Amino acid sequence: MRDKLSCFSENAVNLSHPSCSSYANTACVSPSLSPSVQNAVTCLYKITLSTTKKQFLVTVSWCKNHYAQGLSIKFGDDPLTSFKLNTNSRLFRKKKGTKVFESPESSKMEIIWDLSKAKYDATGPEPVDGFYILVMVDSEIGLILGDMAEEAMTKKFKTSTPVSKVSLISRQEHYSGSSTLYSTKAQFSDTGISHNIVIRCSGENEGLKHPVLSVSIDTKTVIRVKRLQWNFRGNQTIFVDGLLVDLMWDVHDWFFNNPSSRYAVFMFRTRSGMDSRLWLEEKMVQKEQEKVEFSLLIYACSMNTNKH
């Protein structure tokens, strides 16, 4: 299976070895540039109960605009098992509490939250610290979010309380603003580290004749697309933490759509199973096949009426 590495080496970019990259090992943006504003984040989690092995999908969404800031949690596709909370202090005072649901499969869902001391980054809708959100499923500890979650669990539950297995399947981020600079973080596997990702579209304002798309991970440029108005869709395979990650972009609407609705989409998607790593020992094959794919989707709305 080691032959798989040679199949991708011609076109893929390896973050672990600078000599393998065909691009400069430098950040693709100037520190003086301001990124676009992140106004919504949606994460999809898969919860697997330790006792019955039943699986549940939980969607957690954070949003922020000029008038409000909020949180919503949904179990599966059933609208009756959804929870919404306006976290704007001027409009909503109940920043901690509990909520109990029952799923169509007769499973008991409970949400326990405390956002009373939550601190938020000025550029995003998610709290950065001072909060916790716990999701219980059939008396098991399912989803655990926030820096204060461990302390809350110690106070509220016995040490014998079972804990479910949780996997982050996808994360969607929505950005808006006149800037075409987008900055975020992503962890591509449960055991991997968090990586800094920067996406930048440079144009006439930077003295370029044709727009150029650059994507960097941990300050290393992994793709650089010249003449972007002609190469508005494409994909590139990169290596991150030994994993194969497909990077795809679609910026068609930035150039050929109404200025009021110029959306671009960027996606980072890991591969599952035996295709997810450069090589595998035979004893690891079954374990790798059990792993799930992870996708990071970035929706970028550019309000700049000028061509990039």
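The structure presented is a predicted model; accordingly, all values stated were derived computationally and were not measured.
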* **Sequence-distant partners of Arg171, salt bridge (Lys or Arg N to Asp or Glu O under 4.0 Å), two or more places apart** => Glu126, Glu173
* Structure fact -> Val128 meets the side-chain contact (heavy atoms from CB on, under 4.5 Å) criterion, sequence neighbours left out, with Lys119, Asp121
* Given Leu145 and Tyr45, is the side chain to side chain contact (heavy atoms under 4.5 Å, CB included) satisfied, shown in steps? -> CA-CA 11 Å; Leu145 301 176; Tyr45 299 90; 3.6 Å; yes
* **Candidate list Phe256, Phe255, Trp249, test ring pair (Phe, Tyr, Trp, His ring centres under 6.0 Å), partner Phe232, passing option** => Phe256
* Asked: Can you find a pair of side-chain heavy atoms, one from Thr180 and one from Tyr182, that are under 4.5 Å apart?
  -> yes
* Asked: Hydrophobic cluster mates of Val100, side-chain heavy atoms under 4.5 angstrom, ILVMFWY only, any path?
  -> none
* Hey, any chance Phe83 and Val137 share a hydrophobic cluster, counting ILVMFWY side chains that come within less than 4.5 Å of each other, even indirectly? -> yes
* Can you name the closest pair of heavy atoms from Lys54 and Ser107 and give their distance? -> NZ-OG, 3.0 Å
* Structure fact -> Apart from Val37 itself, its cluster of hydrophobic side chains linked below 4.5 Å comprises none
* Asked: How long is the gap from CE on Met248 to OG on Ser295, to the nearest 0.5 Å?
  -> 7.0 Å
* To do: State yes or no: do Leu296 and Val166 share one hydrophobic cluster built from I, L, V, M, F, W and Y residues joined by side-chain heavy-atom distances below 4.5 Å, directly or via other members?
  => yes
* Structure fact -> Hits for salt bridge (Lys or Arg N to Asp or Glu O under 4.0 Å) against Glu140, two or more places apart or cross-chain, chain-then-number order -> none
* Can you find a pair of side-chain heavy atoms, one from Phe101 and one from Ile111, that are under 4.5 Å apart? -> yes
* **Polar contact flag, side-chain donor to acceptor under 3.5 angstrom, Asp218-His195** => yes
* **Interatomic spacing from CD1 in Ile298 to CD in Gln172 - rounded to 0.5 Å** => 11.0 Å
* Taking side-chain contact (heavy atoms from CB on, under 4.5 Å) as the test, write out the residues that go with Ser82, two or more places apart. => Lys74
* Asn231: side chain to side chain donor-acceptor pair (under 3.5 Å) partners, not counting sequence neighbours -> none
* Any chance you could measure Leu213, atom CG, to Arg224, atom CZ, to the nearest 0.5 Å? => 9.5 Å
* Taking only residues two or more places apart in sequence, or in another chain, which ones meet Glu151 in a salt bridge (Lys or Arg N to Asp or Glu O under 4.0 Å)? -> Lys155
* Asked: Are Met267 and Tyr299 linked, directly or through other ILVMFWY residues, by side chains that come within less than 4.5 angstrom of each other?
  -> yes
* Asked: Are Phe131 and Asp147 side-chain neighbours, meaning at least one heavy-atom pair lies under 4.5 Å?
  -> yes
* Asked: How many angstroms lie between OG in Ser214 and CZ in Arg200, if you round to the nearest 0.5 Å?
  -> 9.0 Å
* **With sequence neighbours excluded, residues passing side-chain contact (heavy atoms from CB on, under 4.5 Å) with Lys53** => none
* Asked: What distance separates Thr123 OG1 from Gln38 CD, expressed to the nearest 0.5 Å?
  -> 7.0 Å
* To do: Measure the shortest side-chain to side-chain distance between Ile73 and Leu143 over non-hydrogen atoms and say whether it is less than 4.5 angstrom.
  => no
* Could you please spell out the steps behind the side chain to side chain contact (heavy atoms under 4.5 Å, CB included) verdict for Leu57 and Ile169? => CA-CA 9 Å; Leu57 294 178; Ile169 296 177; 3.8 Å; yes
* To do: Might you point out which heavy atoms bring Ala300 and Phe266 nearest each other, and give the distance in Å?
  => CB-CE1, 4.2 Å
* Asked: Residues sharing Met136's hydrophobic cluster, by side-chain heavy-atom contacts under 4.5 Å among ILVMFWY, directly or via others?
  -> Ile112, Tyr132, Leu134, Ile141, Ile144, Met148, Met153, Phe157, Val163
* Of the non-hydrogen atoms in Trp113 and Leu85, which two are nearest, and what is the gap between them? -> NE1-CD2, 3.6 Å
* Asked: Do the side-chain N and O atoms of Lys64 and Asn39 include a donor-acceptor pair separated by under 3.5 angstrom?
  -> no
* Is it true that a side-chain atom of Gln69 and a backbone atom of Pro125 form a donor plus acceptor pair closer than 3.5 Å? -> yes
* Qualifying residues under salt bridge (Lys or Arg N to Asp or Glu O under 4.0 Å), relative to Asp246, sequence neighbours excluded -> Arg271
* **Contact check, side chains of Ser183 and Asn196, non-hydrogen atoms, under 4.5 Å** => no
* Asked: Under a 4.5 Å cut-off applied to non-hydrogen side-chain atoms, are Thr52 and Asp138 in contact?
  -> no
* To do: Under the side chain to side chain contact (heavy atoms under 4.5 Å, CB included) rule, what do Ser189 and Thr270 come out as? Steps first, then yes or no, please.
  => CA-CA 8 Å; Ser189 68; Thr270 63; over 6 Å; no
* What is the minimum heavy-atom distance between Ser139 and Thr161, and which atoms define it? -> O-CG2, 3.8 Å
* Asked: Can you tell me how far OG of Ser36 sits from CG of Leu181, rounded to the nearest 0.5 angstrom?
  -> 7.0 Å
* Heavy-atom side-chain proximity of Val135 to Val60 below 4.5 angstrom -> no
* To do: Using a cut-off of 6.0 Å, state whether more than 12 heavy atoms not belonging to Lys156 lie near its atom NZ.
  => no
* Asked: Any donor-acceptor pair under 3.5 Å linking the side chain of Asp250 with the backbone of His252?
  -> yes
* Asked: Checking side chain to side chain contact (heavy atoms under 4.5 Å, CB included) against Trp254, which of Cys301, Pro211, Cys201 comes through?
  -> Cys201
* **Any residue meeting ring pair (Phe, Tyr, Trp, His ring centres under 6.0 Å) with Phe268, in chain and number order, not counting sequence neighbours** => none
* Student check: side-chain heavy atoms of Ile238 and Ile217 closer than 4.5 Å -> yes
* To do: Start with the C-alpha distance between Val245 and Phe294, add both sets of side-chain angles, then the distance that settles side chain to side chain contact (heavy atoms under 4.5 Å, CB included), and finish with yes or no.
  => CA-CA 9 Å; Val245 179; Phe294 165 74; over 6 Å; no
